[in-house]
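The structure appears below as structure tokens.
Counting begins at 1 with the first residue of the sequence. In listed order, ligands and their atoms are each counted from 1. What's counted below: heavy atoms across the whole structure, side chains too, no hydrogens, waters or symmetry copies.
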Amino acid sequence: MKVLLVGGGGREHALAWRLAQSPLLAKLWCAPGNPGIAAVAECVNIPAEDILALVAFATREAVDLVICGPEAPLTLGLADACAEAGLRCFGPSAAAARLEGSKTFTKEVCDAAGVPTAAWKRFEDADEARAYVQVMGAPIVVKADGLAAGKGVVVAATLEEAQDAITAIMDDRSLGNAGAAVVIEEFMAGEEVSFFALCDGAEALPLIGAQDHKRVGDGDTGPNTGGMGAYSPAPAFTDALREEVMARIIRPSLAEMARRGTPFRGVLFAGLMLTPAGPRLIEYNVRFGDPECQVLMLRLRGDLLAALDAACAGRLAQVALDWSPDPALVVVMAARGYPGTPEKGSVIGGLDEAAAIPGVTVFHAGTAQREDGAIVANGGRVLGIAATAPTLRAARDAAYAAVDALDWPEGFCRRDIGWRALPAPG
Ligand code: AMP
Ligand code: GLY
């Protein structure tokens with residue numbers, strides 16, 4: 001099969017690395033890709049959001065399957081444009097991608113399907129939102145209704161924080177038009193797990209769970225990020241919980257999407273809160289998580305390309321995937337300044353030394369290659385230092401040994417990835 005992978009981050013490097021191992025693969029392109037991806041695919045200089053150029057390229061090269069990594073091209077209609085051009089695309093239509101693009105839409109689907117989630121109310125008027133928060137009390141959660149790259153959620157411990165968040169999002173439009181409306185949610189307490197299921201519109205195939213570390217600093221301090229590290233399995237997420245999530249959350253949501261005439265095909269990423277009353281949905285995303293995808297790909301044993309192809313063809317019922325029992329863990333290396341404005345251009349040394357440590361795979365996220373061949377930082381999250389080993393402790397030790405093998409003073413990482421499942425490193 002000829003495959004075009006869309007995106008250029010750590011998630012896409014992990015997908016490309018796994019796809020490249022498929023016996024079904026004849027040719028892999030990645031648009032736009034990155035210097036790490038270039039080792040396993042041919043990178044094409046088309047931005048991930050240039051739908052027309054992507055479809056033109058895929059048509060010209062007679063691509064058999066387009067696989068979309070990030071959410072933005074999906075919400076812009078990549079899968080729809082592929083379908084119109086007679087191309088197959090792994091990823092939902094724009095209508096189904098609203099599960100990530102609109103928090104209100106997701107809540108409506110959940111309510112119609114009876115999916116357990118936080119009680120909620122949507123406001124287009126800031127004064128009404130403030131009055132509602134005053135009545136409900138704190139803690140309470142304020143969310144911008146539109147896509148805000150993970151920055152649109154404020155978990156407010158006090159009423160004052162909640163009021164300030166409404167003012168910033170709605171009055172000051174700190175997140176632009178994503179703040180035209182807010183969703184105010186009940187606060188749910190518990191442990192968070194990321195769970196993934198492949199969907200073909202009718203059937204869902206459970207993948208595995210992972211835990212992410214969203215705050216930038218050790219001990220879960222500082223501002224939220226896209227994710228500073230992840231590990232799998234998540235000990236709190238048992239097989240019984242997975243079956244409960246499939247039965248009470250994933251399958252009812254899928255059935256409701258089909259009932260609405262917008263069946264969901266692609267990977268459904270459920271952010272779950274494991275509450276004392278059982279698992280509840282925090283949110284859906286319509287793509288693999290990053291960095292979660294990196295640990296999933298390390299543990300996947302079956303053929304990724306065959307599974308994604310089956311999801312597109314409505315043949316998911318025939319697929320069984322196998323997972324390594326060995327845990328995997330990824331430490332994200334970010335450029336100084338992240339999650340604010342990261343410094344770009346610093347040279348990263350020691351990549352080969354890091355990758356030579358047994359069990360370690362180095363995924364590129366925000367890197368670029370200079371004309372002289374040097375790999376430099378070119379984004380906020382720059383590298384995913386991933387490792388797998390027979391125990392989570394050994395995987396963590398290998399990943400941090402690789403971090404320490406890097407020569408990149410301008411980079412930083414959290415030192416406590418995996419802390420929920422392990423005591424802090426020595
Ligand atoms: P979201 O973008 O909706 O995933 O929210 C980002 C983060 O905010 C989540 O990963 C949770 O840690 C937290 N969060 C969101 N909604 C709630 C809620 N209703 N109760 C508690 N925490 C929440
Ligand atoms: N790591 C969380 C996400 O991809 O949204």
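- Each of Lys107, Lys143, Arg280 was evaluated against Glu186; a single residue qualifies, Arg280, per the salt bridge (Lys or Arg N to Asp or Glu O under 4.0 Å) test.
- Of all the heavy atoms of Glu185, the ones lying under 4.0 Å from any atom of ligand 1 belong exclusively to the side chain.
- No N or O atom of Asn224 sits closer than 3.5 Å to an N or O atom of ligand 1.
- With a 4.0 Å cut-off on non-hydrogen atoms, Glu292 touches ligand 2 through its side chain and not its backbone.
- Counting heavy atoms closer than 4.0 Å to ligand 2, residue Phe269 contributes side-chain atoms (C-beta onward) but none from N, CA, C or O.
- Arg242 is not listed as a side-chain neighbour of Thr238, based on a closest heavy-atom distance of 4.5 Å or more.
- Other residues, nucleotides and ligands contribute over 12 non-hydrogen atoms within 6.0 Å of the CG atom of Asp172.
- In terms of polar-atom proximity, defined here as any N/O pair under 3.5 Å, Met188 does make such a contact with ligand 1.
- Atom 6 (C) of ligand 1 has its nearest heavy-atom neighbour, among Ile184, Val155, Val153, Val183, in Val153.
- Contacts between Met273 and ligand 1 below 4.0 angstrom, taking non-hydrogen atoms only, involve the side chain exclusively.
- Salt-bridge annotation for Arg130 and Asp164: absent, with no side-chain N of the basic residue lying under 4.0 Å from a carboxylate O of the acidic one.
- At a 3.5 angstrom cut-off on N or O pairs, Asp290 counts as close to ligand 2.
- Between Phe288 and Phe269, the distance from one ring center to the other does not fall under 6.0 angstrom.
- Glu256 has its side chain out of reach of Phe264: every pair of non-hydrogen atoms, C-beta onward, lies at least 4.5 Å apart.
- The N/O atoms of Gly226, backbone and side chain alike, include one that comes under 3.5 Å of an N/O atom in ligand 2.
- Of the protein's non-hydrogen atoms, Arg287 NH2, 2.9 Å is the one closest to atom 5 (O) of ligand 2.
- In Asp171, the CG atom is crowded: over 12 heavy atoms of neighbouring residues, nucleotides or ligands sit closer than 6.0 Å.
- Near Gly289, with a cut-off below 4.0 Å to any heavy atom, the atoms of ligand 2 are 4 (O).
- Looking at Trp120 and Ile184, their side chains never come closer than 4.5 Å, going by heavy atoms from C-beta outward.
- Below 4.0 Å from some heavy atom of Asp212 lie the following atoms of ligand 2, by number and element: 1 (N), 2 (C).
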